[in-house]
Each structure stands twice: as C-alpha cells, then as structure tokens.
Amino acid sequence: MRVFLTGGAGYIGSVVAEELVASGHEVIVYDDLSKGHRDAVIEEATFVEGDVLDYDTLLGALREHAVEAVVHMAARSLVGESVSHPADYYRTNVTGGLVLLEAMRAAGVSPIVFSSTAAVYGESAKQPIEETDPISPTNPYGETKLAYEHALRWFDRAYGIRYVSLRYFNAAGATARCGERHDPETHLIPLVLKVAAGELPEAVVFGDDYPTRDGTCVRDYIHVKDLARAHVLSLESLARGAESRIYNLGCGGEGYTVQEVIEVARDVSGRDIPVRKGPRRAGDPAVLVASSARIAEELGFRPALSDLREIVASAWSWMQAKASHRDAA
Ligand code: UFG
C-alpha cells in the first residue's frame, strides 16, 4: 500500500515508517519538522514538508502520490504543555486533523490509523483500563485526541472513512536507527538516561504522594517497535475491509512506578542517577495501565519486548551510539 504518514519525522513516526517499509509498504512522510527531524525520516520514504493545517499541500500530496491509506501521527503530545498552551493543542490536534480529513475526503482516501492516547481516560477508577471504560481526560492533550476520535466516528458514518484509533500508553525504547530526541526532552526514560550519561545533573520525580505502591505515578511502557507493529496490523486489517475500531496499546501487567523506572535505568546503565523530589506535574493521572486484550484478540497483537529492562536498554544503546557518532564527527 502507498501510506501517507503524518508526523513521520518524529520519534514514533520514524519507527512506524521503518515497520511499514519492512512490511513491504511504500511510505510518504508528511511533516512540518516543527518537532521532528529531517534526518529521522528513513531514507526509503518519500518526504513532503508540510503543515497539517495546509489543505492545498495535503490534497496535492495525497493526489500526487496516489495515496491509499493514512497513518496520522502529527500532533502536539505533551501533557504538561497542553495545560499551559491549550490553543496550540486544539489548533494542531483538532483543526489540523480535520483539515487532513477534509483533504482525504476530497482525494477519496480511506482508511486512516490514528495516534490516540491513554490520556483520554483521565483518572480511571479501574486498572487495567479497557476501551469500554469511562473516558474523562484530565488535560487538553487527552481532550483534543478524544475530540478527534469523535470526529472520526462521524466521518466514518457519513463519508465511509474507516479508521483504527490506537490509544497509546507510554511509548519508549529505540530501534537501531530511530530513537527519542525531543527538544526540550520531557519524557521520563530519556531524561533519566541523560542523567546517567552525565548530560543532566539530576532527575526530578514529579510527586511522591500518589496513591500507588511507592507514591510515584504508575505507567505502562510499551516498546516503540511493538507499538509500530500494531500500526501495520491495524492498517492491514482495515485494508482487508475490517470495520472501524479503537484499541488500547500497552503491555498491561502492573506497570512501573517512576521510582522503578529510575532503578532499572541505574541497573541498565551501571551509572549513578541522582534524584530530587519535586511537586506533582499538572494533568498527570496517578495510574495508567492498559488492558490490551481487544487488540490481542482481534488483530493477534502481542508485545514482543515487554520487559522494561529491554525497553530501557534499547534506549540506552541508541543514546550511546548517537553520542559516539557525535564524538567521532
Ligand atoms: N516524570 C517525572 N519526572 C520527569 C518526567 C516525568 O517524574 O522528569 C513522571 C511523570 O510525572 C509521569 C511519568 O514520569 O508520571 C511518565 O511521564 P512522561 O512525561 O514520560 O509520560 P506521560 O505519562 O506524561 O505521557 C506519555 C505521552 C503521552 C501519553 C501518555 C499516556 O507523552 O502522549 O504517556 O500514558 F498520553
């Protein structure tokens, strides 16, 4: 299939591009490079630089490349930032997403796989969270992703654009080529590894008074390569005519606390990681752990790299390789 991948210059997007190509698909990456990096676009992909708010460029690219399916990942995705800058989140995640759907309608393109988030659930009363559990986002990031899921439902009904919405829990880890490189970095695993590497003086734990086993937040970390594979499975099932679906995407189990992640990072890197306790971060739910039973049952998806050690080790190797490449340059 010829797949149009918005956000394909980003962390998760670059790995999705790799998996699509490895599965025999042709990839057209569409990215404005506001967050992503030109050198993260894998060389096997065609690159179009553009904004998701730019209808003409989107429509032109969909037509020119005779696109057959879309994976929509371009978005603003930081929980804390979304609380202080909701306008940016509504503009890109809702308005930009709708412009893309309009361009897809005009070009006659369906289906779409959408990057949604566990943040749609907010503080869930029950763990692990199932897709049928109540949704109540605690931040604008989750709210905007939920708004787009609703739009997808109505666009499917009225215009027959079928979709899979993947509600990611915490993506982490790296492949040999692609890893996490945000600027500024806000995610826990790359931050603690930067401390291990001596690039930052200390890690800060955002709150240790949550109702969890050690007082720090629990998250469900899924290897980015597993996450990427789920996109390929979703796309291929839609291509076979499957109906629109929403799936959680995590590893389940007990999840890991912030403290446990730091311990694993110390162990994997063999380095000291000084830690300071800080206040809670706005918009953070205490626990987010997925039930991925639905995607396992319907698409046969099971994470292959669900051990946190393996996930953190892959991120650490990628960082080390990048650093030695920098030193050699
Ligand atoms: N944390 C710290 N210190 C840090 C950074 C993070 O204690 O320096 C904590 C956070 O408070 C949170 C946990 O580590 O409890 C994980 O934080 P991340 O920023 O790594 O990830 P989030 O859980 O905030 O968000 C990620 C994605 C979202 C997605 C969410 C779903 O960025 O897109 O997972 O679980 F919605």
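In this chain, residues are counted from 1 in sequence order. All of these numbers come straight from a predicted model, not from anything done at the bench. Counting convention: from 1, in listed order, for ligands and their atoms alike.
The nearest heavy-atom contact from the protein to atom 28 (C) of ligand 1 is Y141 CE2, 3.7 Å. The shortest contact between atom 11 (O) of ligand 1 and any protein heavy atom is with D284 OD2, 2.6 Å. With hydrogens left out, the protein atom closest to atom 9 (C) of ligand 1 is V258 CG2, 3.7 Å, a heavy atom.
Atoms of ligand 1 found under 4.0 Å from any heavy atom of T186, numbered from 1 in the order shown, are 5 (C), 19 (O). Close contacts of ligand 1 with V205, meaning ligand atoms under 4.0 Å from a residue heavy atom, involve 7 (O). Of all atoms in ligand 1, numbered sequentially from 1 with element shown, those under 4.0 Å from a heavy atom of A118 are 31 (C), 35 (O). Within ligand 1, the atoms closer than 4.0 Å to a non-hydrogen atom of L288 are 35 (O), numbered from 1 in the order shown. For ligand 1, the atoms sitting less than 4.0 Å from at least one non-hydrogen atom of T117 are 29 (C), 31 (C), 36 (F), numbered in the order shown with element in parentheses. Near L191, with a cut-off below 4.0 Å to any heavy atom, the atoms of ligand 1 are 8 (O). Heavy-atom proximity to S77, at under 4.0 Å, picks out these atoms of ligand 1: 32 (O), 33 (O). Here is the list of ligand 1 atoms found below 4.0 Å of a heavy atom in V204: 2 (C), 3 (N), 4 (C), 7 (O), 8 (O).
Of the charged side-chain nitrogens involved, none lies within less than 4.0 Å of a carboxylate oxygen, so that K225 and E18 do not count as a salt-bridged pair. Ion pairing between a basic and an acidic side chain is recognised when a charged N comes within 4.0 Å of a carboxylate O; E260 and R213 show such pairing.
Under the 3.5 Å distance criterion, the side-chain polar atoms of T46 are left unmatched by any main-chain donor or acceptor of I28. Checked by atom type and distance alone, the side chain of R281 never pairs as donor or acceptor with a backbone atom of G80 at under 3.5 Å. Under a 3.5 Å cut-off, the side chain of D133 and the backbone N or O of E130 do form a donor-acceptor pair. Side chain of D220 to backbone of G252: a donor-acceptor contact under 3.5 angstrom is found. The closest donor-acceptor contact from the side chain of R2 to the backbone of A66 lies under 3.5 Å.
By heavy-atom distance, the residue among Y11, Y210, F206 lying nearest atom 1 (N) of ligand 1 is F206. Taking all heavy atoms of T257, N139, N170 into account, the minimum distance to atom 35 (O) of ligand 1 is reached by N170. Compare A172, C217, A282, G255 by their heavy atoms: the one nearest to atom 15 (O) of ligand 1 is in C217. Evaluated by nearest non-hydrogen atom to atom 20 (O) of ligand 1, the leading choice among V79, V261, L188 is L188. When the heavy atoms of R281, H187, R76 are ranked by distance to atom 24 (O) of ligand 1, first place goes to R281.
A distance below 6.0 Å separates the ring centres of Y148 and F114.
Under 4.0 angstrom from ligand 1, the non-hydrogen atoms of R219 all belong to its side chain.
The shortest heavy-atom distance from Y221 to ligand 1 is under 4.0 Å.
Annotation: the span from T144 atom OG1 to Y90 atom OH amounts to 6.5 Å, rounded to 0.5 Å.
F169 and V261 end up in different hydrophobic clusters when Ile, Leu, Val, Met, Phe, Trp and Tyr side chains are linked at under 4.5 Å.
Atom CD of E202 is surrounded by more than 12 heavy atoms from other residues, nucleotides or ligands within 6.0 Å.
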